[in-house]
Amino acid sequence: MPGPDAAFWQQRFESDDTPWDRGAPSPQLLRWLDEGALPPCRIAVPGCGSGWDAVELARRGFKVTAVDLVLAACDRTRARALAAGVQLEVVQADMLAWRPREPFDAVFEQTCLCAIHPFHWSGYARAMQAWIRSDGALWALFMQQPRTSAVDEGRLEGPPYHCDVAAMHLLFPGESWAWPEPPLAKVPHPAGWHELAVCLRRRV
Ligand SMILES: C[S@@+](CC[C@H](N)C(=O)[O-])C[C@H]1O[C@@H](n2cnc3c(N)ncnc32)[C@H](O)[C@@H]1O
């Protein structure tokens with residue numbers, strides 16, 4: 001299986017080598033929550049990492065399922081929830097294979113898709129079809145980090161893997177997902193990358 005495996009991610013957490021981690025919830029998630037665009041519901045957070053977003057959602061009354069491949073991330077999320085005094089479900093699983101007993105109203109995607117090798121992105125899209133109910137929504141931050149090695153030499157390098165908007169349209173086609181009109185909101189990341197924010201509504 002190409003791309004980073006569980007040992008890679010576990011090691012990144014164990015050595016505190018986590019440059020993607022803002023040390024706070026996603027600013028775009030906070031905007032969506034503060035504006036009331038994303039009201040409390042049953043929501044899943046794939047690749048929850050240290051749990052900032054999952055715990056913020058639980059704090060705001062969402063019923064949260066946080067999924068991560070590795071124990072270190074699940075432990076961090078559980079500890080953060082405990083410290084915040086909130087309850088959420090934490091599942092250690094490969095999100096490409098894991099399926100919920102019943103579909104969620106929403107998924108919050110932050111830096112999970114770009115952590116997965118693009119060869120597996122069709123599996124990610126299949127998971128979202130299975131995880132999200134009809135008329136539910138995928139609230140996503142698509143990581144933008146185009147690399148010269150891709151443009152000049154055709155290499156697929158990451159993580160983070162560049163979530164080019166053309167590839168996102170192929171993964172989440174208009175027949176199945178309602179897209180907003182551009183421009184999408186541009187969200188800077190302290191590591192020097194930026195993300196494009198989008199809410200994709202799953203068509204009935
Ligand atoms: C770049 S980190 C992002 C963590 C968190 N979302 C954040 O923004 O701080 C990617 C996370 O996805 C997890 N991950 C990678 N591949 C996964 C998979 N196939 N299934 C579930 N989690 C995965 C990693 O363990 C890691 O916690």
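Any value given below was found using the heavy atoms of this structure, including those in side chains, with hydrogens, waters and symmetry copies removed. Start at 1 and go down the list; that is how both ligands and their atoms are numbered.
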Got a second to check how far C74's SG is from L69's CG, nearest 0.5 Å?
8.5 Å
Give the ring-plane orientation class for F13 versus W20, where under 30° counts as parallel, over 60° as perpendicular and anything between as tilted.
perpendicular
Indicate the ring-plane relationship of W98 and W131, choosing parallel, tilted or perpendicular according to the 30° and 60° boundaries.
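Rings of W98 and W131: perpendicular, over 60°.
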When you pair each N or O of ligand 1 with protein N or O atoms, which pairs come out under 3.5 Å?
| from | atom 1 | to | atom 2 | distance (Å) |
| --- | --- | --- | --- | --- |
| ligand 1 | 6 (N) | G47 | O | 2.7 |
| ligand 1 | 6 (N) | Q110 | O | 2.8 |
| ligand 1 | 8 (O) | T111 | OG1 | 3.4 |
| ligand 1 | 19 (N) | D94 | OD1 | 2.9 |
| ligand 1 | 20 (N) | M95 | N | 2.9 |
| ligand 1 | 22 (N) | L69 | N | 3.1 |
| ligand 1 | 25 (O) | D68 | OD1 | 2.6 |
| ligand 1 | 27 (O) | D68 | OD1 | 3.4 |
| ligand 1 | 27 (O) | D68 | OD2 | 2.6 |

Any pair with a residue in residues 51-72 that passes side chain to side chain donor-acceptor pair (under 3.5 Å), sequence neighbours left out, goes on the list, sorted by first then second residue, please.
D21-W52, D34-R60, E56-R59, E56-R60, T65-E89
Among all residues two or more places apart in sequence or in another chain, which pass the side chain to side chain contact (heavy atoms under 4.5 Å, CB included) test with R126?
R99, S122
Residues that Q145 engages under side chain to side chain contact (heavy atoms under 4.5 Å, CB included), provided they are two or more places apart
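Only R147, P160, W193 meet the side chain to side chain contact (heavy atoms under 4.5 Å, CB included) criterion with Q145.
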